[in-house]
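Written below as structure tokens is the structure these notes are about.
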Amino acid sequence: MDAALARDWMRAAAEAIAAGADGLTRLDSAIGDGDHGVNLHRGFTAVVAALEKSPPETVSEVLVKSGATLMSRVGGASGPLYGSALRAAGKALPATPEVQPADLVTALRAGLAAVRKLGGAAAGDKTLIDAYGPAVDAFEEAVAGGADLAGAAGAAARAAQAGAEATVPLQARKGRASYLGERSIGHQDPGAASTSLIFGALAEVA
Amino acid sequence: MDAALARDWMRAAAEAIAAGADGLTRLDSAIGDGDHGVNLHRGFTAVVAALEKSPPETVSEVLVKSGATLMSRVGGASGPLYGSALRAAGKALPATPEVQPADLVTALRAGLAAVRKLGGAAAGDKTLIDAYGPAVDAFEEAVAGGADLAGAAGAAARAAQAGAEATVPLQARKGRASYLGERSIGHQDPGAASTSLIFGALAEVA
Amino acid sequence: MKKFINDPADVVAQSLRGLAAAHPELRVEVEEGYIVRAGAPQPGKVALVSGGGSGHEPLHGGFVGPGMLDAACPGEVFTSPVPDQILAATKAADGGAGVVHIVKNYTGDVMNFQLAGELAGEEGISVETVLVDDDVAVEDSTWTAGRRGTGATLLVEKITGARAEEGGKLGEVAALGREVNAASGSFAYALTAVTTPAAGRPGFDLPADEIEAGVGIHGEPGRRREKWRPAKELVRSALDAILTAKSFSGPVIVLVNGLGATPLIELYLIYGEVAAHLEERGVTIARQLVGNYVTSLDMAGMSVTLCQATDEMIRLWDAPVRTPGLRWGA
Amino acid sequence: MKKFINDPADVVAQSLRGLAAAHPELRVEVEEGYIVRAGAPQPGKVALVSGGGSGHEPLHGGFVGPGMLDAACPGEVFTSPVPDQILAATKAADGGAGVVHIVKNYTGDVMNFQLAGELAGEEGISVETVLVDDDVAVEDSTWTAGRRGTGATLLVEKITGARAEEGGKLGEVAALGREVNAASGSFAYALTAVTTPAAGRPGFDLPADEIEAGVGIHGEPGRRREKWRPAKELVRSALDAILTAKSFSGPVIVLVNGLGATPLIELYLIYGEVAAHLEERGVTIARQLVGNYVTSLDMAGMSVTLCQATDEMIRLWDAPVRTPGLRWGA
Ligand SMILES: Nc1ncnc2c1ncn2[C@@H]1O[C@H](COP(=O)(O)OP(=O)(O)O)[C@@H](O)[C@H]1O
Ligand SMILES: Nc1ncnc2c1ncn2[C@@H]1O[C@H](COP(=O)(O)OP(=O)(O)O)[C@@H](O)[C@H]1O
Ligand SMILES: [Mg+2]
Ligand SMILES: [Mg+2]
Ligand SMILES: [Mg+2]
Ligand SMILES: [Mg+2]
């Protein structure tokens with residue numbers, strides 16, 4: 001992956017979020033406060049603008065800048081979480097123009113660790129971690145099995161989507177949905193759904 | 001008419017208002033503030049209670065007490081109007097145990113004059129006057145033609161109802177409905193409708 | 001109908017009991033139906049008494065206190081109070097210097113206050129009446145009931161209240177009230193109909209993209225139904241209506257008033273538009289107030305009131321007031 | 001969706017412009033996203049900064065002023081503010097004696113304030129955080145996000161604001177805030193769902209005879225759906241929940257709070273029921289406040305908050321406060 005591809009990823013993610021914003025908001029209305037789609041749409045629109053204004057030259061910088069932009073523009077729970085995920089991922093990458101799939105494994109893991117640390121959620125709490133975690137596992141496994149970026153990204157995207165769908169029967173223990181107690185059961189977690197969109201965007205451009 | 005019959009009239013009016021309260025409120029919701037049925041129901045319930053507590057011995061006293069009770073309990077536009085109508089009617093009667101149809105003509109006219117004076121409305125303004133006025137005219141004409149109380153009351157009731165129905169195409173110039181301007185056209189005036197109920201009650205007991 | 005009530009027939013009395021418990025600085029006579037300052041009457045002070053149907057809170061009961069009303073008499077929901085309770089409030093407030101009745105121009109209010117005023121006169125109390133009729137949505141005509149009293153009621157009560165507090169005489173306080181009313185104009189929009197506890201269903205049906213223009217504060221429909229438009233345009237139309245009906249040149253007091261269910265975030269947005277439009281038109285704003293003050297139960301809607309204010313009115317507007325609904329400087 | 005707005009995406013900024021125009025005693029930085037007292041910072045005074053999503057007005061921006069907050073940072077509707085704006089507000093408010101962040105316990109608020117606090121620390125500003133989590137509808141557990149912050153936020157802001165105003169030191173003000181929070185419990189009911197400008201449709205559907213019990217202030221559904229019941233019974237259930245979750249013996253401060261679209265006539269009726277039930281249970285009321293203070297846009301609903309108050313808390317509650325949303329003694 002080079003910086004141009006990383007920028008394409010962010011642009012594709014922005015497009016997927018824009019197209020899916022209403023759906024995300026609907027999911028968030030059911031068990032949250034109905035702003036997740038709008039939040040991420042605002043954030044990724046700003047990410048695309050920031051990357052276009054002065055395009056970074058390394059993948060690392062693309063991700064750090066994207067994370068910082070999300071952090072400054074989204075707010076809510078998802079802003080700091082996605083913001084620190086991308087920032088941590090970018091910081092874990094070498095400052096070279098190009099990075100290898102194995103570097104991305106390390107980066108994605110660093111991003112996941114940042115989300116865990118900031119939000120304190122674990123797998124099964126019905127959060128974006130339930131899509132992010134399986135996606136990173138699948139990406140790593142594919143890379144270990146010799147897959148190229150496209151192959152690994154595809155595997156990650158499928159795992160993220162499956163993970164998001166698997167949040168439906170869970171009872172939320174973190175985030176706003178936890179206030180609903182048992183009533184959170186039966187609905188997909190909006191953050192897991194948006195994570196699936198972001199990995200889907202990676203598979204699309206890779 | 002004697003005092004017992006006058007009390008029966010008020011009781012029958014109270015029943016008719018109770019039964020028609022929802023309908024009156026619906027009419028008042030369309031072109032007013034939706035309280036006419038509740039207002040008169042509260043008032044006539046109090047009238048019946050007051051008349052039962054210490055039953056007056058003359059028709060005059062029955063009407064004066066009923067008017068005073070409406071005045072103290074109804075509020076809104078209809079309270080003072082019906083209150084002063086009944087009070088003025090009662091005061092215009094001789095203090096005899098029994099009164100004649102001709103006395104009632106005078107009394108009803110005095111009531112109408114009181115309404116006109118207090119409210120400043122004229123025929124055609126889409127108010128209770130548009131039922132009350134024709135009712136008194138019909139009562140007077142019937143009495144002049146030799147009718148007994150039952151006959152005159154029947155004629156008055158029919159005229160009141162026709163008058164109430166004739167308010168539908170009018171544009172209100174007085175009361176709350178006047179704020180709607182042209183939008184008041186096409187709805188029956190609630191006060192005219194309640195006046196029709198009250199004359200109907202007289203016809204029923206006479 | 002879902003409301004926080006127990007019995008539709010007993011809402012006003014039960015709410016008054018809560019008001020009494022919450023505000024020991026007021027004396028609330030639930031049975032007689034009035035609210036008066038705890039220390040009333042104040043000998044030698046002109047007393048201000050207002051009232052009207054309930055459902056407009058904080059108007060009027062929430063405006064009883066130093067610097068504003070001496071007493072208020074709430075009727076049933078949207079129903080003018082009866083003469084007896086107005087008389088009782090008038091007697092409780094009268095300190096011997098006369099009483100000003102502040103009456104919103106509705107047939108019921110006018111008649112009930114008139115009857116109460118006559119009764120008070122028979123008991124030797126001098127009563128002056130100030131009629132409030134600021135709603136420019138309704139044409140002013142001697143052939144009809146005339147204009148309604150809405151937002152300007154707050155301005156009349158605040159400004160005359162301050163003048164009475166500092167010793168204004170009966171005729172003077174009443175004249176000032178009439179002056180404030182004459183200098184004021186209001187216009188309102190509603191986004192939803194309102195459900196009274198007694199009726200139990202909304203007064204009218206309003207499609208999802210339509211609004212009522214020129215509404216009053218009793219849940220009645222407005223002068224006309226319109227398509228929803230952005231706040232900027234509604235504000236422009238409301239100000240057009242007011243500035244056409246009444247001429248304004250000098251500094252104004254502005255009230256952006258919510259009808260009950262419109263949140264502050266929208267009311268402030270509206271005030272921003274009002275301020276911008278008035279600046280465009282060269283009308284300076286001397287004072288402003290934004291909030292839910294003259295309401296129509298839980299109607300989603302707003303009214304804009306402008307009052308062309310003299311220096312004296314502004315001075316009295318700024319004077320201390322200490323009531324449950326309006327408080328500053330004290 | 002009908003609201004008095006121009007563009008759903010620009011509601012907060014446009015409303016802030018109106019707030020700025022209406023309240024010259026505040027400095028409103030629309031672009032940077034914060035509201036601060038005009039004269040800030042006050043050298044030597046501990047500064048109080050709060051914030052959260054917009055849509056809860058007057059909380060928090062309407063509580064900026066002498067005796068309460070020094071600054072507030074409003075996020076988008078129901079969306080926590082971002083670290084940048086919290087940092088900017090913190091720097092604008094800091095008078096060198098440290099800053100207390102008053103944070104309602106929502107994942108987003110907690111994280112954004114935490115990040116801002118770290119940034120402020122790096123710039124040499126001492127920050128203490130008071131977390132408000134008074135909503136007893138949510139079980140208190142370390143396995144979950146814990147209880148939400150709702151009505152008690154007002155009490156924390158008022159009481160710590162008074163203490164900071166009279167010279168309280170950073171640690172002491174923060175400790176007092178935590179004490180007020182620990183002494184408080186709240187419970188809310190909603191009669192209607194709420195429509196955010198961005199979503200454009202209600203968050204959930206609620207049949208005509210059903211209500212949501214244990215709701216928060218972000219339009220989310222509550223812990224459970226119930227049949228409508230008379231106010232008396234709802235109040236009893238709410239007080240049961242609070243008095244079970246927290247033990248109260250001494251005098252309490254009571255807040256009966258409207259969620260936005262519940263009229264005062266109902267809120268006072270509710271307060272009457274609260275006062276009656278507390279008397280039955282032998283809990284004395286030291287102070288009370290009734291009105292729309294911690295709202296959820298135009299949700300029809302109400303919350304009851306009890307705070308077991310020390311003499312010191314009551315003294316500070318009574319201290320002067322001068323803000324757009326809460327004002328007395330000044
Ligand atoms: N503690 C947490 N750890 C991980 N993810 C979380 C946590 N809390 C919330 N989330 C995620 O954030 C999503 C909600 O984001 P968003 O709606 O933008 O913020 P908010 O809840 O503040 O309105 C949830 O669907 C969930 O996936
Ligand atoms: N000036 C008036 N003269 C005669 N009748 C009037 C006048 N104003 C109103 N009314 C009558 O009063 C009725 C409304 O009564 P009600 O609903 O009880 O009072 P309010 O209008 O105060 O709510 C109207 O339908 C009309 O018939
Ligand atoms: Mg959300
Ligand atoms: Mg009516
Ligand atoms: Mg009425
Ligand atoms: Mg949110």
Side-chain angles (χ1 to χ4, degrees), chain B residues 21-22 24-43 45-46 68-84 87 114-115 117-122 124-127 171-184 187 191, chain C residues 8-9 33 51-53 55 73 75-87 106-116 135 137-139 141-148 193-204 212 214-225 296:
Chain B
D22 269 10
L24 294 175
T25 287
R26 231 185 326 262
L27 292 179
D28 197 32
S29 290
I31 55 170
D33 58 351
D35 61 356
H36 189 57
V38 178
N39 285 348
L40 287 193
H41 182 43
R42 181 175 61 246
T45 305
T69 304
L70 291 180
M71 189 87 96
S72 310
R73 298 299 295 274
V74 175
S78 55
L81 290 170
Y82 278 124
S84 46
R87 230 164 43 164
V115 169
K117 176 151 180 265
L118 188 58
D125 283 354
K126 194 170 187 137
T127 70
Q171 173 167 342
R173 277 191 298 255
K174 290 286 170 181
R176 222 173 262 291
S178 70
Y179 305 135
L180 269 75
E182 294 183 354
R183 291 180 79 185
S184 64
H187 301 272
Chain C
C73 25
E76 289 300 315
V77 172
F78 294 167
T79 303
S80 330
V82 300
D84 308 39
Q85 71 187 110
I86 303 173
L87 177 64
Y106 300 100
T107 307
D109 290 35
V110 169
M111 292 189 302
N112 285 287
F113 269 94
Q114 179 191 322
L115 293 166
D135 183 359
V138 178
E139 278 147 64
S141 148
T142 47
W143 299 106
T144 68
R147 288 181 168 147
R148 293 175 286 221
V194 69
T195 301
T196 60
R201 58 183 107 75
F204 49 87
E212 290 278 343
V215 294
I217 53 173
H218 296 86
E220 64 267 51
R223 292 294 283 195
R224 52 180 189 278
R225 191 163 282 192
S296 182

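Remember, predicted model here, so these are calculated numbers, not experimental data.
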For C:R201, which residues count as a salt bridge (charged side-chain N to carboxylate O under 4.0 Å, His left out) partner, sequence neighbours excluded? none
Looking only at non-hydrogen atoms, find the nearest pair between C:F78 and B:D33 and report the distance. O-OD2, 2.8 Å
Looking only at non-hydrogen atoms, find the nearest pair between B:M71 and C:V82 and report the distance. O-CB, 3.6 Å
To the nearest 0.5 Å, atom CE of C:M111 lies from atom OG of B:S78 at 8.0 Å
Can you name the nearest heavy-atom pair linking B:G75 to C:T79, along with the distance? C-CG2, 3.8 Å
When B:N39, B:I31, B:D28, B:D22 are compared by non-hydrogen pairs under 4.5 Å with chain C, the top option: B:N39
The interface call for B:A30 against chain C, heavy-atom contacts under 4.5 Å, is backbone
Between C:N112 and B:G76, the two heavy atoms sitting closest are ND2-O, 2.8 Å
Chain C contact via B:T25 - side chain, backbone, both or neither, heavy atoms under 4.5 Å: side chain
Euclidean distance, B:R176 CZ relative to C:E220 CD, rounded to 0.5 Å: 6.0 Å
For C:Q85, which atoms come within 4.5 Å of any heavy atom of chain B: side chain, backbone, both, or neither? neither
Toward chain C, the part of B:R42 with a non-hydrogen atom under 4.5 Å: side chain
For chain B, the option from C:A193, C:G203, C:S80 that forms the most heavy-atom pairs under 4.5 Å: C:S80
The test is side-chain contact (heavy atoms from CB on, under 4.5 Å); show your working for B:D35 and C:E76 and say whether it passes. CA-CA 9 Å; B:D35 61 356; C:E76 289 300 315; over 6 Å; no
Relative to chain B, which segment of C:F204 carries a heavy atom at a distance below 4.5 Å: side chain, backbone, both, or neither? neither
Heavy-atom pairs under 4.5 Å with chain C - which of B:G175, B:S178, B:S72 has more of them than the others? B:S72
Taking every non-hydrogen atom, the tightest pair across B:G34 and C:T196: O-OG1, 4.4 Å
For chain B, which of C:V215, C:V77, C:T107, C:D84 has the most heavy-atom pairs under 4.5 Å? C:D84
Which residues share a salt bridge (charged side-chain N to carboxylate O under 4.0 Å, His left out) with B:R183, sequence neighbours left out: C:E212
Let me know if C:P221 has heavy atoms under 4.5 Å from chain B in its side chain, its backbone, both or neither. both
Minimum heavy-atom separation for B:L180 to C:G222, with atom names? CG-O, 4.2 Å
